[in-house]
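Structure first, then comments.
So you know, we letter chains A, B, ... as the sequences are listed, proteins then strands, and number each from 1. Because the structure is a prediction, the values reported are computed rather than measured. Side-chain atoms are counted along with the backbone in the values below, which use heavy atoms only and exclude waters and symmetry mates.
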There are 2 protein chains.
Amino acid sequence: MNSDWRARLRERGYRLTPQRELVLGAVEELGHATPDQVHAEIRRHSAAVNLSTVYRTLEVLEEIGLIRHTHLSDRAPTYHSIGGREHFHLVCRNCSTVTSVDSGEVADLTGLLGERYGFTPDIGHLTIFGTCHHCDGATSEGSVE
Amino acid sequence: MNSDWRARLRERGYRLTPQRELVLGAVEELGHATPDQVHAEIRRHSAAVNLSTVYRTLEVLEEIGLIRHTHLSDRAPTYHSIGGREHFHLVCRNCSTVTSVDSGEVADLTGLLGERYGFTPDIGHLTIFGTCHHCDGATSEGSVE
DNA sequence: TTCCATGCAAACACTTTGCACCGTG
DNA sequence: CACGGTGCAAAGTGTTTGCATGGAA
């Protein structure tokens, strides 16, 4: 599964380029990252990759299912590699802490939406904003969104 | 509850201006609308309100709890008035249909996140992307996000 | 009369696009 | 050696800000 990405690209008719390897590597290393952060991370230890290439590449990598994006803030989207299981995110508006939750945890929700609304949710894209227990009551400084 | 907004503004020390009335009216009339759509709607039958005023006003109206915003697409946020009960949205990526679901429907989810993660979700801000039953299987043209 | 709110224009943050050149397959 | 991918620069979208003027309280 280490070099699976090479096959994935080829299968779909995409070419293998050093830029694509660098972008994927940066996403995996950063965990959750905006296009700009990916760009900066690459620059830290490699030759520069153009920002527009980063955008185009993230799109391709998501297309072939190696990474996904969600919205952890009102600003830029964040990308993360799909390390095994599908998950969604909880984001605290107060302290900005991000918690990943396995999609299995919300099987009930998925079932309910399916039965009652005929709707199949894309759990991997989901981010739920709210307040974590450390911040209940104490609404303070820098908040996300 | 019709002119409740006047009191709400005054209570919090905000002034009552025709622009604020127009923006609130447009949001209520449109249902779900982006800042730009609100701006356009006002222009349709009134003197123009500056776009930056629309932005500032939407922020104020949300602050005092008359409207809320959520993200129905990757582009602009959409605002809606809080007509009674809190709700969240289901958005079909294929046909862009938006379904409102009462937050009571997901009491189980809210309970689970609270117990297991100490997290209090902001259901009113939530939007879940996915596929509606009309579009299952048949992934076609113009998709959101 | 005092400030808050508005209009306007410029600046911003993020993303996309057109085109010539480059390098993978 | 053809065609997809990249770099670069410019243009696009959506949003914010500084400042002078205007109007609600």
Side-chain angles (χ1 to χ4, degrees), chain A residues 3 5-24 26 32-43 46-64 66-67 69-79 142-145, chain B residues 3 5-24 26 32-43 46-64 66-67 69-79 142-145:
Chain A
S3 57
W5 62 275
R6 297 169 180 281
R8 286 288 261 281
L9 280 168
R10 265 193 292 256
E11 281 165 23
R12 320 250 184 150
Y14 288 111
R15 289 185 182 170
L16 224 64
T17 67
Q19 288 89 338
R20 285 176 177 167
E21 180 167 10
L22 288 167
V23 169
L24 181 56
H32 294 109
T34 61
D36 204 63
Q37 291 171 326
V38 169
H39 182 233
E41 174 63 16
I42 293 170
R43 193 184 306 205
S46 315
V49 171
N50 191 276
L51 182 55
S52 61
T53 299
V54 171
Y55 275 98
R56 289 188 275 229
T57 303
L58 288 170
E59 199 178 332
V60 169
L61 295 179
E62 181 159 39
E63 225 256 5
I64 65 178
L66 290 174
I67 63 176
H69 85 274
T70 185
H71 303 273
L72 264 30
S73 84
D74 258 0
R75 293 275 171 204
T78 62
Y79 288 82
S143 65
V144 180
E145 290 210 311
Chain B
S3 57
W5 62 274
R6 296 169 179 281
R8 287 288 262 279
L9 279 169
R10 265 193 291 257
E11 281 165 22
R12 319 252 183 148
Y14 288 110
R15 290 183 181 171
L16 225 64
T17 67
Q19 288 89 337
R20 286 177 175 164
E21 180 166 11
L22 287 167
V23 169
L24 180 57
H32 295 110
T34 62
D36 204 63
Q37 292 171 326
V38 169
H39 183 232
E41 174 64 17
I42 293 171
R43 193 185 304 206
S46 315
V49 171
N50 192 276
L51 182 56
S52 61
T53 299
V54 171
Y55 275 98
R56 289 188 274 230
T57 303
L58 288 170
E59 199 178 329
V60 168
L61 295 178
E62 182 159 39
E63 226 255 7
I64 64 178
L66 290 173
I67 64 177
H69 86 274
T70 186
H71 303 273
L72 265 31
S73 85
D74 257 2
R75 292 276 172 205
T78 62
Y79 288 82
S143 67
V144 180
E145 290 209 310

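Nucleotides of DNA chain D with any atom under 4.0 Å from a heavy atom of chain B span, from 5' to 3', dG14(D) to dA25(D).
Side-chain contact between Leu66(B) and Arg8(B): present, with at least one pair of heavy atoms (C-beta onward) separated by less than 4.5 Å. Side-chain atoms of Leu61(A) and Trp5(A), non-hydrogen and from C-beta on, never get closer than 4.5 Å to each other.
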For each nucleotide in nucleotides 15-25 of chain C, reading 5' to 3', give B when a protein heavy atom comes within less than 4.0 Å of its base, S when such contact involves only the sugar-phosphate, and - otherwise.
SBBB----BBS

All N/O donor-acceptor pairs, side-chain side in residues 36-43 of chain B, below 3.5 Å, sequence neighbours left out:
{"from": "Gln37(B)", "atom 1": "OE1", "to": "Thr34(B)", "atom 2": "N", "distance (Å)": "2.8"}
{"from": "Gln37(B)", "atom 1": "OE1", "to": "Thr34(B)", "atom 2": "OG1", "distance (Å)": "3.3"}
{"from": "His39(B)", "atom 1": "NE2", "to": "Arg43(B)", "atom 2": "NH2", "distance (Å)": "3.4"}
{"from": "His39(B)", "atom 1": "NE2", "to": "Val49(B)", "atom 2": "O", "distance (Å)": "2.9"}
{"from": "Glu41(B)", "atom 1": "OE1", "to": "Arg44(B)", "atom 2": "NH1", "distance (Å)": "2.9"}
{"from": "Glu41(B)", "atom 1": "OE2", "to": "Arg44(B)", "atom 2": "NH1", "distance (Å)": "3.4"}
{"from": "Glu41(B)", "atom 1": "OE2", "to": "His45(B)", "atom 2": "NE2", "distance (Å)": "3.2"}

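Separating the NE2 atom in His32(B) from the OG atom in Ser73(B) is a distance of 12.5 Å, to the nearest 0.5 Å.
Under the side-chain hydrogen bond (donor to acceptor under 3.5 Å, both in side chains) criterion, Thr17(A) pairs with no residue, sequence neighbours left out. Qualifying side-chain hydrogen bond (donor to acceptor under 3.5 Å, both in side chains) partners for Glu62(A), counting only residues two or more places apart in sequence or in other chains: His69(A). Judged as a salt bridge (Lys or Arg N to Asp or Glu O under 4.0 Å), and not counting sequence neighbours, the contacts of Glu21(B) are Arg6(B).
As a whole-Å value, the separation of His69(A) NE2 from dC14(C) P is 15 Å. Taking atom NE2 of His39(B) as the reference point, atom C1' of dC8(C) lies 12 Å away to the nearest angstrom.
Applying the side chain to side chain donor-acceptor pair (under 3.5 Å) rule to pairs touching residues 47-56 of chain A yields Asn50(A)-Ser52(A), Ser52(A)-Arg56(A), sequence neighbours excluded.
Annotation: of the two residues near DNA chain D, Thr34(B) and Asn50(A), the 5′-most nearest-nucleotide partner is Asn50(A).
Considering Leu24(B), Leu22(B), Val23(B) as possible partners of Thr57(B), the one that fulfils the side-chain contact (heavy atoms from CB on, under 4.5 Å) test is Val23(B).
For the helix from dT1(C)-dA25(D) to dG25(C)-dC1(D), the rotation axes defined at the first and last 5 base pairs enclose an angle of 40°, given to the nearest 10°.
Panel note: side chain Arg20(B), backbone Arg15(B); a donor-acceptor pair is recorded below 3.5 Å.
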